[in-house]
Amino acid sequence: MHELSITQSVVDEVRSRAGERRVHRVRLEVGALTAVVPSSMLFCFDLVTAGTVLEGAALDIDVTPGRAACRSCGVSFDLPDPVLLCACGSADVSVLAGRELKIVSMEVG
């Protein structure tokens, strides 16, 4: 369950930016190819925020679909899983989206 350490890192970064201000909401962008399970992150978020300025904050996770381009045939296509294979049979593909994990915004007050 690597989501615990990832979520802890996110919370640490938000805390460093928020200082002593209360955090009400955090929005993340998580790529579908990151192998991160959003429901596990939501569970871990409540655990790692206990007793911090983030306790009780909402966590919103937007999942970015995977997208790739084939260097052999030039087609761009959706990538539903980490198997990098074009419909033409080529594995020479470039991942365009789906590997990101970003803190998009946070609401403090």
Side-chain angles (χ1 to χ4, degrees):
M1 186 161 157
H2 62 281
E3 285 84 358
L4 180 58
S5 61
I6 293 169
T7 305
Q8 182 67 61
S9 295
V10 168
V11 169
D12 290 346
E13 186 60 30
V14 169
R15 289 178 64 195
S16 74
R17 301 292 176 129
E20 297 299 319
R21 295 175 292 174
R22 183 112 177 106
V23 177
H24 300 284
R25 179 174 299 273
V26 176
R27 178 173 295 280
L28 302 180
E29 187 175 294
V30 178
L33 305 177
T34 60
V36 172
V37 178
S39 61
S40 294
M41 282 194 83
L42 291 169
F43 175 77
C44 294
F45 187 76
D46 288 340
L47 295 176
V48 298
T49 60
T52 73
V53 294
L54 283 88
E55 185 169 357
L59 176 63
D60 299 322
I61 300 174
D62 297 326
V63 177
T64 306
R67 188 95 181 133
C70 180
R71 291 186 187 102
S72 297
C73 70
V75 171
S76 294
F77 58 96
D78 291 334
L79 202 55
D81 55 50
V83 178
L84 303 177
L85 188 62
C86 180
C88 75
S90 174
D92 186 16
V93 300
S94 174
V95 176
L96 304 173
R99 288 184 171 164
E100 56 278 348
L101 198 160
K102 302 177 196 172
I103 301 169
V104 177
S105 65
M106 55 190 242
E107 293 177 19
V108 296

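Note that the coordinates shown come from a computational prediction; the quantities given were computed from them, not determined experimentally.
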Gap separating the [atom1] atom of [X] from the [atom2] atom of [Y], nearest 0.5 angstrom:
X   : Y   : atom1 : atom2 : answer
T64 : L96 : OG1   : CG    : 13.0 Å
L4  : L47 : CG    : CG    : 7.0 Å
L79 : L84 : CG    : CG    : 5.5 Å
L54 : R22 : CG    : CZ    : 8.0 Å
H2  : S9  : NE2   : OG    : 11.5 Å

Could you tell me which non-hydrogen atom of [X] sits nearest to which non-hydrogen atom of [Y], and how far apart they are?
X   : Y    : result
T34 : E100 : CG2-O, 3.4 Å
P65 : A32  : CA-CB, 4.2 Å
D46 : T49  : O-OG1, 3.5 Å
A57 : R25  : CB-N, 4.2 Å
A97 : L33  : O-CD1, 3.7 Å

Checklist entry - When you look at CZ of R71, are more than 12 heavy atoms from neighbouring residues, nucleotides or ligands closer to it than 6.0 Å? => result yes
Item to check | CZ (R15) with more than 12 external heavy atoms under 6.0 Å | outcome: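 Open.
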Checklist entry - Is it the case that one hydrophobic cluster holds both V63 and V10, taking links as side-chain heavy atoms less than 4.5 Å apart, direct or via other members? => result yes
Item to check | same_hphob_cluster(L28, I6) at 4.5 Å side-chain heavy-atom cutoff | outcome: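 Result: yes, single cluster for both.
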Checklist entry - Are C86 and C73 close enough that some pair of their side-chain heavy atoms sits under 4.5 Å apart? => result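 With C-beta onward as the side chain, the pair touches.
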Would you check if the side chain of [X] reaches a backbone N or O of [Y] as a donor-acceptor pair within less than 3.5 Å?
X   : Y   : value
Q8  : V48 : no
E55 : V53 : no
D78 : P80 : no

In a table with atom names and distances, give each donor-acceptor pair under 3.5 Å that connects a side chain of residues 101-109 to protein atoms at least two apart or in another chain.
none

Next on the checklist: Tell me which one of S76, S94, S90 satisfies side-chain contact (heavy atoms from CB on, under 4.5 Å) with C70.
Outcome noted: S90
Item to check | Criterion side-chain contact (heavy atoms from CB on, under 4.5 Å) on T7 and F43, from CA distance to verdict | outcome: CA-CA 10 Å; T7 305; F43 175 77; over 6 Å; no
